[in-house]
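In this chain, numbering begins with 1 at the start of the sequence shown. Just so you know, ligand 1 is whichever comes first in the structure, and atom 1 is the first atom listed for that ligand.
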Amino acid sequence: MGVVNVTPDSFSDGGRWFEPAAAVEHGLALLGQGADLLDVGGESTRPGAERPTEREELDRVIPVVAALAAQGARISIDTMRSRVAAESLDAGATLINDVSGGLADPQMATMAARSGLPFVAMHWRAHSAHMHREARYADVVTEVVAELLERVEALVEAGVAREAIILDPGFGFSKDAGHNWELLAGLDQVTALPHPVLVGTSRKRFLGRLGAAVGSTVGPAPSGEPTPSGALSPPTPPAERDAATAATSLLAAQAGAWAVRVHDVPGTRDALAVWAHVHAAGGRA
Ligand code: PMM
């Protein structure tokens, strides 16, 4: 799944594809590079981000969805608003990606049910402005799985077909770096659920501090040795996190993910091709 952010302020590629024509061109380029699906979004979920109005969000995404769908692209609409989802489906999108899993807009579940289309329910606890306050877990993997299953039941209750629900553990959403690494390590517990799983680690902040001591986000190495270089330096810029993203894409594939949501399609395609070759060779051995 290639990311098409039509926003002035996304953390990873803020503003680059804000003009509709640039966003459409970018989407077509991602398809040319091998993306199977394009995720079009008009609201930045960067920590601390202010929400656009519904009108602003519609004005950003609808022309882009319509133009890309007219070119035959498979489009997912990344929105927490039922009206934006509904108008995007009318414009040709065929999948709803709601990072709040239906929690942000009480009308979303019934709208998704009526559409009959696949619905991505991501693990989410609060809007970006204060999501960090909610990054508290005794056991992040168990709690994410339990909260995702609660979402599934609420969505099914509202009429969404169980088979239409795709789950996403929500990397970076109300999670600190340690939580994200634990989630990646325990991803097989999410993919063990009877739903396809989408994984979105691309360029996220926890991939920008790979020099930090393993097992802690800052501070000295557990052995008491000097902190490795990079532990306290600023994170690498988002655009320099693509090699790390390719690595997490491979781990996601290995854990049984259905799809990965990425900015850099060629790097991820290569990583997934490596996984597919090893998988096929293992099958033959
Ligand atoms: N992450 C972002 C936006 N939308 N959707 C899903 N399903 N999963 C994610 O992890 C996710 C998402 C934030 O990243 P961006 O600002 O680079 O788009």
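- Applying the 4.0 Å criterion to heavy atoms of Val99 picks out, from ligand 1, the atoms 4 (N), 5 (N), 12 (C).
- In Arg203, neither the side chain nor the backbone holds a heavy atom less than 4.0 Å from any atom of ligand 1.
- Taking a cut-off of under 4.0 Å to the non-hydrogen atoms of Leu198, the atoms of ligand 1 that pass are 7 (N).
- Between His123 and Phe173, the distance from one ring center to the other does not fall under 6.0 angstrom.
- Of all the atoms in ligand 1, the ones that sit under 4.0 Å from a non-hydrogen atom of Thr45 are 2 (C), 3 (C), 13 (C).
- Near His263, meaning under 4.0 Å from one of its heavy atoms, ligand 1 places the atoms 17 (O).
- The existence of a salt bridge linking Arg125 and Glu143 is confirmed by a sub-4.0 Å separation between a basic side-chain nitrogen and an acidic carboxylate oxygen.
- Salt bridge status for Arg74 with Asp36: absent, with no side-chain N to carboxylate O gap under 4.0 Å.
- Residue-to-ligand polar distances keep Ser202 apart from ligand 1: every N/O pair is separated by 3.5 Å or more.
- Applying side-chain contact (heavy atoms from CB on, under 4.5 Å) to Asp78 and the options Val40, Val61, Val99, Leu95 leaves one that passes, Val99.
- With distances taken over non-hydrogen atoms, the option nearest atom 10 (O) of ligand 1 out of Glu43, Lys204, His123, Arg261 is Lys204.
- Near Asn97, meaning under 4.0 Å from any of its heavy atoms, are these atoms of ligand 1: 5 (N), 6 (C), 7 (N).
- Partners of Asp188 by side chain to side chain donor-acceptor pair (under 3.5 Å), not counting sequence neighbours: none found.
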Solution key, residues 153-162 side-chain donor-acceptor pairs under 3.5 Å, sequence neighbours excluded:
unit_1, atom_1, unit_2, atom_2, d
Glu153, OE1, Arg162, NH2, 3.1
Glu153, OE2, Arg162, NH1, 3.0

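- Contact annotation: for Asn5 versus ligand 1, heavy atoms closer than 4.0 Å belong to the side chain alone.
- Between Arg83 and Glu87 there is a salt bridge, since a side-chain N of the basic residue sits under 4.0 Å from a carboxylate O of the acidic one.
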